[in-house]
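Convention: sequence-line order gives letters A, B, ...; per-chain numbering from 1.
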There are 2 protein chains.
Amino acid sequence: MYGRRQERAQFFRHHGFRCTLPREVILDILYKTKSHLSAEDIYFKVHPIYPQIGLTTVYRTLDLLNKMELISRFDFGDGKARYELIKEGDTSHHHHLVCRKCNRVIDYTDFMKEETRFIKKIEEVLSKKHNFEIDSHKIHFQGLCSKCKSEGR
Amino acid sequence: MYGRRQERAQFFRHHGFRCTLPREVILDILYKTKSHLSAEDIYFKVHPIYPQIGLTTVYRTLDLLNKMELISRFDFGDGKARYELIKEGDTSHHHHLVCRKCNRVIDYTDFMKEETRFIKKIEEVLSKKHNFEIDSHKIHFQGLCSKCKSEGR
DNA sequence: AATGGTAATGAAAATCATTTTCATTAAGGA
DNA sequence: TCCTTAATGAAAATGATTTTCATTACCATT
Ligand SMILES: [Mn+2]
Ligand SMILES: [Mn+2]
Ligand SMILES: [Zn+2]
Ligand SMILES: [Zn+2]
């Protein structure tokens, strides 16, 4: 889906959208870069190669990709939204440690099996109880990263 | 701590801060109101009774209460931070369902025993593995609330 | 391959939550 | 009561995101 241009084009059109250069480029950046990019991060990566692509379009494209569930949007509390590609096959799902001092974000995948099982059970009960259609969840731990800890809060 | 003026004053001073009218008033609002209030929500509740208290002070006070760990701050993704009092005795800890359409927030306390046990185990392992000092966690589920579901996404 | 209807784009302006500035006020220890 | 200085409030500044609107370029159709 991410690798081949043809596939991406198909995917956009399948959702009723056009496959445009900005959309391809931005999706590419997300594909190649680890994670937790803000709109501005992406803009600055795109700009040297495609200076005609504007920040506005980055915002719009991120919204679109998020709605198409190709990316996840996170609000870690530093005032800017961050985005991460959802890889195929659900192998990429994970949770986060967030440093409340320097805002560093650490991915972790430990316990995913157990978390998944646990989450599934909770979802089942809560969605019935509150008649709420659950489609995703977020778990994160907050505290001090090793660097900030050693620097003394 | 929240009920008696004397206690609150003690608490502020104990942390090296002065006990002022705006601080008392804002803490009172948080005490009396269920939950998930934004700075502006609080400002509008305060204003009719204390019109001299400004929005700036609300922001500053919320920061302070958050640092003193009297309240929790949440970013549910609608662009404004929301706050909730942490009740004494840790009886109030809970997690959330967030509607991605209307931003409604539902508290749930089901499974807290199991979650707490599970979270504790994860914290232990992760804090060692990443040398990360974990002090809190947030769990929330996203989806469509009953109202938005019936209205058709 | 050329055409046309319209979705997508980009630059600039607008919006909105939050922060900063700075002159004034008022806690609260002496 | 007095004095030091933390806290406050109004206004301005900031910074992320959204809106506006004239222009561009996908892509279904010819
Ligand atoms: Mn991540
Ligand atoms: Mn809550
Ligand atoms: Zn850190
Ligand atoms: Zn809803």
Side-chain angles (χ1 to χ4, degrees), chain A residues 5-27 29 36-44 46-68 71 73-83 100 103, chain B residues 5-27 29 36-44 46-68 71 73-83 100 103:
Chain A
R5 151 190 279 269
Q6 200 51 42
E7 278 178 295
R8 284 176 303 200
Q10 291 283 320
F11 193 74
F12 280 118
R13 291 204 213 100
H14 191 264
H15 281 254
F17 302 116
R18 294 180 182 176
C19 183
T20 66
L21 178 69
R23 287 174 182 174
E24 288 211 69
V25 170
I26 291 166
L27 191 48
I29 294 282
H36 314 136
L37 297 173
S38 68
E40 208 186 23
D41 290 339
I42 293 169
Y43 174 72
F44 283 132
V46 166
H47 195 260
I49 313 168
Y50 301 94
Q52 76 276 21
I53 295 177
L55 182 55
T56 308
T57 296
V58 175
Y59 274 107
R60 280 189 287 228
T61 301
L62 288 170
D63 258 13
L64 190 75
L65 297 177
N66 187 43
K67 273 179 192 132
M68 300 192 332
I71 62 178
R73 179 198 156 114
F74 294 93
D75 289 283
F76 290 126
D78 67 340
K80 55 188 80 173
R82 298 184 175 277
Y83 300 85
R100 67 172 144 71
N103 294 312
Chain B
R5 149 188 280 270
Q6 198 53 40
E7 280 177 294
R8 286 176 300 201
Q10 292 281 321
F11 193 74
F12 281 118
R13 291 203 212 100
H14 190 262
H15 282 253
F17 302 116
R18 294 178 182 178
C19 182
T20 66
L21 178 70
R23 287 173 182 176
E24 289 211 69
V25 170
I26 291 165
L27 191 47
I29 294 281
H36 315 136
L37 297 173
S38 69
E40 207 187 24
D41 289 340
I42 293 169
Y43 174 72
F44 283 132
V46 166
H47 195 258
I49 313 168
Y50 300 94
Q52 75 277 21
I53 296 177
L55 181 56
T56 308
T57 296
V58 175
Y59 275 106
R60 281 189 287 230
T61 302
L62 289 170
D63 258 11
L64 190 77
L65 297 177
N66 188 42
K67 274 181 190 129
M68 301 193 333
I71 62 178
R73 179 196 155 114
F74 294 92
D75 289 282
F76 290 126
D78 65 341
K80 52 189 83 175
R82 299 185 173 276
Y83 301 85
R100 67 172 144 72
N103 295 310

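Contact annotation for B:I53: backbone-only contact, meaning every heavy-atom pair under 4.0 Å involves sugar-phosphate atoms and none involves a base. Residue B:R23 is in sugar-phosphate contact alone, with no base atom involved, counting any heavy-atom pair closer than 4.0 Å across all strands shown. Counting non-hydrogen atoms under 4.0 angstrom, B:T20 reaches the backbone sugars and phosphates but no base.
When each of B:L21 and B:Y59 is assigned the nucleotide of DNA chain C bearing its nearest heavy atom, the one mapping closer to the 5' terminus is B:Y59. Place B:Y43 and B:G16 on DNA chain D by their nearest nucleotides, and B:G16 ends up nearer the 5' end. Ranked by how close their nearest DNA chain D nucleotide is to the 5' end, A:S38 and B:Q52 are led by B:Q52.
Closest to the A:R13 side chain, of the nucleotides D:dT8, D:dC27, C:dG10, is D:dC27. Proximity note for B:F17 (side chain, C-beta onward) versus D:dA7, D:dG9, C:dT9: the nearest is D:dA7. The B:R18 side chain lies nearest to D:dA7 when the options are D:dG9, D:dA7, D:dT20. Here the nucleotide nearest the side chain of B:P22, chosen from D:dT19, D:dA16, D:dT8, is D:dT8. Between C:dA11, C:dG28, C:dA8, one nucleotide has an atom nearer to the side chain of B:C19 than all others, and that is C:dG28.
The distance between atom CD1 of A:I42 and atom P of D:dT17, rounded to the nearest whole Å, is 11 Å. We find that CG of B:N103 is positioned 15 Å from C1' of C:dA17, with the value rounded to whole Å. The distance from atom CG of A:L37 to atom C1' of D:dA16 is 16 Å, rounded to the nearest whole Å. Rounded to an integer number of Å, the gap from CG of B:D41 to C1' of C:dT18 is 15 Å. Distance CG (A:D75) to P (C:dT18): 12 Å, rounded to an integer number of Å. For the pair A:I26 CD1 and C:dA8 P, the computed distance is 13 Å after rounding to whole Å. Separating the CZ atom of B:F76 from the C1' atom of C:dA17 is a distance of 17 Å, rounded to the nearest angstrom. Rounded to whole Å, atom P of D:dT18 lies 11 Å from atom CG of A:N66.
By the 30° and 60° cut-offs, the orientation of the rings of B:H15 relative to B:F17 is parallel.
Each of A:I53, A:D41, A:T61 was compared with A:V46 under the side-chain contact (heavy atoms from CB on, under 4.5 Å) criterion, and only A:I53 meets it.
Side chain of A:R23 to main chain of A:R18: a donor-acceptor pair is present (N/O by atom type, distance under 3.5 Å, no hydrogens or angles).
With respect to B:D78 and B:K80, no salt bridge is recorded, no charged nitrogen being found less than 4.0 Å from a carboxylate O.
Contact annotation: the side chain of B:L65 approaches that of B:F12 to within less than 4.5 Å [non-hydrogen atoms, C-beta and beyond].
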